[in-house]
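First comes the structure, then the notes that go with it.
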Amino acid sequence: MKGPRGTQDLLPGVTEKWQYVEAKLKDLSARYNYHEIRTPIFEHTELFQRGVGDTTDIVQKEMYTFTDKGDRSITLRPEGTASVVRSFVQHKLFGLANQPTKLFYIGPMFRYERPQQGRMRQFVQFGVEALGSEDPAMDAEVIALAMNAYRELGLQSLKLVINSLGDTESRNNHRQALIDHFSPVKEELCSDCQSRLEKNPLRILDCKKDRDHPAMGTAPSILEFLNDYSRNYFEQVQAYLDAMGIAYVVDKNLVRGLDYYNHTAFEIMSDAEGFGAITTLSGGGRYNGLVQDLGGPETPGIGFALSIERLRMALEAENVELPIDQSLDCFVIALGDEAKVKAAAITEQLRQAGMQTDKDYLDRKMKAQFKAADRLKARFVLVLGEEELENNVIAVKNMESGEQENVAIDQITSYIEGII
RNA sequence: GCGAUCAUGGCGAAGUGGUUAACGCACCGGAUUGUGGUUCCGGCACGCGUGGGUUCGAUCCCCACUGGUCGCCCCA
């Protein structure tokens with residue numbers, strides 16, 4: 001038996017790394033005053049159709065959708081924002097005293113795709129959403145948080161790319177201009193671009209095959225279509241980033257795959273060696289119309305999401321060692337039947353006193369028990385044999401120094417507490 | 001969804017149309033009747049992703065399926 005395609009089991013040895021990363025992200029969120037929200041991993045299919053957008057790849061071909069026993073169309077969430085906004089509206093969080101509402105989430109997402117390194121059918125995203133503020137400083141805060149998530153874990157080779165998609169008006173005007181621009185030469189474009197023309201004309205600008213087509217150079221840029229408000233907003237976001245000392249590049253061809261984005265869009269990519277075709281670590285942007293689209297009051301929002309899998313890939317690509325303590329305080333060795341019983345009691349006593357303690361359960365020879373203790377990185381080995389039992393002591397060996405001494409059995413816990 | 005490639009013990013990795021499927025690491029035991037290392041000796045795949053087919057006979061040939069990886073698409 002194997003797990004379904006595109007899924008993975010996280011086993012002891014790596015779960016510790018995940019826990020470390022997750023704890024870091026939660027700590028980071030707390031410092032920026034973002035609070036955790038947990039939403040269901042499945043939702044009504046309609047939420048994503050309306051929220052993410054009917055024309056997106058996610059909705060058109062990547063969703064895990066099924067009908068439940070009550071004949072409802074259900075979808076495993078492919079991303080986090082739609083659910084968070086739905087919850088924000090449903091529970092009327094816009095009415096709370098503290099605004100903007102700053103939320104973070106972490107959990108599994110599902111997309112039906114052809115898996116490869118860094119692209120899973122079930123993957124874990126951490127993301128934040130700030131709802132209720134249309135301040136360029138808010139955009140900068142979210143970007144800063146995203147960058148720090150990587151920086152604080154030790155990553156160096158990062159590239160922050162930003163762009164503005166403008167407000168809805170700017171965006172739609174630009175889209176139409178692109179369609180007008182490329183339609184006359186549609187037949188000369190590659191098949192991908194011909195379908196992009198309807199779906200997502202901005203993508204054409206990114207095409208590798210049609211890079212040299214004459215229409216490329218003359219294509220209208222989004223920046224030309226930004227109205228005054230949009231242009232000014234984008235400039236202010238950059239001013240805030242500059243003030244915070246966050247380096248970025250503006251890429252006017254940066255397009256996000258989800259329909260709800262407007263104004264600020266950004267992506268963080270890894271420059272590290274050994275990254276394949278997939279270099280995007282996280283992405284986000286502003287979505288001022290989404291709350292209203294999902295039935296709430298007109299409320300601006302901005303957020304981003306990162307994949308823990310890709311974050312961990314980046315850590316490995318940059319050879320970042322996470323400071324994970326895998327040692328054990330004590331390992332108790334028993335020799336003889338009588339000692340075994342006493343050793344079990346002492347082990348339990350040490351554990352209750354807070355020591356990470358283990359013992360042998362395979363009736364191994366003393367030598368083998370020492371090897372086991374060594375493998376487990378035990379700091380102290382406690383040996384209880386017939387001699388010790390007779391004298392009511394237990395031998396305590398410091399595995400690092402090699403020193404060993406006998407300690408009275410009824411003193412053992414306080415003795416260990418004293419030296420640990 | 002399209003194209004390519006791969007699949008042998010816990011891990012890495014040889015291999016051949018035909019008696020007992022190399023080797024390395026790890027693990028277990030012994031040399032060393034109670035101390036972690038080294039060395040030496042021994043043990044460890046009724047089995048070569050799954051299911052069919054070809055054949056006197058297949059881990060090795062063919063087909064399908066499943067899964068991994070890479071590229072495209074797209075993204076996190």
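What you see is a predicted model, and the numbers here were worked out from it, not measured in a lab. Letters A, B, ... are given to chains in the order of the sequence lines, protein chains preceding strands, and every chain is numbered from 1.
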Please work out which of the three classes, parallel, tilted or perpendicular, describes the rings of A:H263 and A:Y233, given edges at 30° and 60°. tilted
Whether A:Y112 and A:Y64 hold their rings parallel, tilted or perpendicular, with breakpoints at 30° and 60°: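 Because their plane-to-plane angle is over 60°, the rings of A:Y112 and A:Y64 count as perpendicular.
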Would you indicate what [X] reaches in the nucleic acid, counting non-hydrogen atoms under 4.0 angstrom: base, sugar-phosphate, or nothing?
X: A:E386; result: base
X: A:A305; result: sugar-phosphate
X: A:G127; result: nothing
X: A:A368; result: sugar-phosphate
X: A:Q404; result: base
X: A:M120; result: base

[N] [atom2] sits how many Å from [X] [atom1], rounded?
X: A:Q369; N: B:rG36; atom1: CD; atom2: P; value: 13 Å
X: A:E309; N: B:rG68; atom1: CD; atom2: C1'; value: 16 Å
X: A:L11; N: B:rC11; atom1: CG; atom2: P; value: 11 Å
X: A:Q117; N: B:rA76; atom1: CD; atom2: P; value: 18 Å
X: A:I58; N: B:rC73; atom1: CD1; atom2: P; value: 17 Å
X: A:Y112; N: B:rC2; atom1: OH; atom2: P; value: 10 Å
X: A:R121; N: B:rG67; atom1: CZ; atom2: C1'; value: 11 Å
X: A:K340; N: B:rG34; atom1: NZ; atom2: P; value: 15 Å

Distance check, [atom1] atoms only: [N] and [M], in whole angstrom units.
N: B:rG57; M: B:rG18; atom1: C1'; answer: 6 Å
N: B:rC28; M: B:rA64; atom1: C1'; answer: 41 Å
N: B:rG10; M: B:rG47; atom1: P; answer: 12 Å
N: B:rU5; M: B:rC40; atom1: C1'; answer: 44 Å
N: B:rU38; M: B:rG29; atom1: P; answer: 15 Å
N: B:rA4; M: B:rA26; atom1: P; answer: 41 Å
N: B:rU32; M: B:rG42; atom1: C1'; answer: 16 Å
N: B:rU59; M: B:rA14; atom1: C1'; answer: 13 Å

Quick one: does A:R119 reach the base of B:rC73 with a side-chain donor-acceptor pair under 3.5 Å?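 A donor-acceptor contact between them is present.
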Taking atom types as they are modelled, would you say the side chain of A:R111 forms a donor-acceptor pair with the base of B:rA76 within the 3.5 Å cutoff? yes
Any side-chain heavy-atom pair from A:F88 and A:L294 closer than 4.5 angstrom?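 No, every pair of side-chain atoms sits at 4.5 Å or beyond.
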State the pairing partner of [N]; accept Watson-Crick or G-U wobble contacts with both distances under 3.5 Å, and report none otherwise.
N: B:rC23; value: B:rG12
N: B:rC65; value: B:rG49
N: B:rG42; value: B:rC28
N: B:rG3; value: B:rC70

[X] side-chain proximity, nearest of [options]:
X: A:K371; options: B:rG49, B:rC28, B:rG34; answer: B:rC28
X: A:M399; options: B:rG36, B:rC74, B:rG49; answer: B:rG36
X: A:S282; options: B:rA76, B:rC2, B:rG49; answer: B:rA76
X: A:E388; options: B:rA4, B:rG34, B:rG36; answer: B:rG34
X: A:R364; options: B:rG67, B:rA76, B:rG29; answer: B:rG29
X: A:D57; options: B:rC74, B:rG49, B:rG1; answer: B:rC74
X: A:R310; options: B:rG36, B:rA76, B:rC74; answer: B:rA76
X: A:L258; options: B:rA76, B:rC2, B:rC74; answer: B:rA76

Would you say a side-chain N or O of [X] is under 4.0 Å from OP1 or OP2 of [N]?
X: A:K367; N: B:rG36; result: yes
X: A:K365; N: B:rG30; result: yes
X: A:R375; N: B:rG36; result: no
X: A:Q116; N: B:rG71; result: yes

Can you see whether A:Y361 has A:K359 sitting over its ring - NZ or CZ less than 6.0 Å from the centre and within 45° of the normal? yes
Aromatic A:F225 / basic A:R171 pairing, under 6.0 angstrom, 45° off normal: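 No; the conditions do not both hold, so A:R171 does not lie above the ring face of A:F225.
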How do A:G6 and A:L281 order along RNA chain B: which one's closest nucleotide is nearer the 5' end? A:G6
Would you kindly compare A:M366 and A:P4 by the position of their nearest RNA chain B nucleotide and give the one closer to the 5′ end? A:M366
Check this for me, if you would: do A:D139 and A:R286 make a salt bridge, where the nitrogen-to-carboxylate-oxygen distance has to be below 4.0 angstrom? yes
Pair A:E152 + A:R31: basic N to acidic O under 4.0 Å: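 The answer is yes: the pair qualifies as a salt bridge.
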A:T75 and A:T65: side chain donor to acceptor below 3.5 Å: yes
Tell me whether the count of non-hydrogen atoms from other residues, nucleotides or ligands lying under 6.0 Å of CG in A:D54 goes above 12. yes
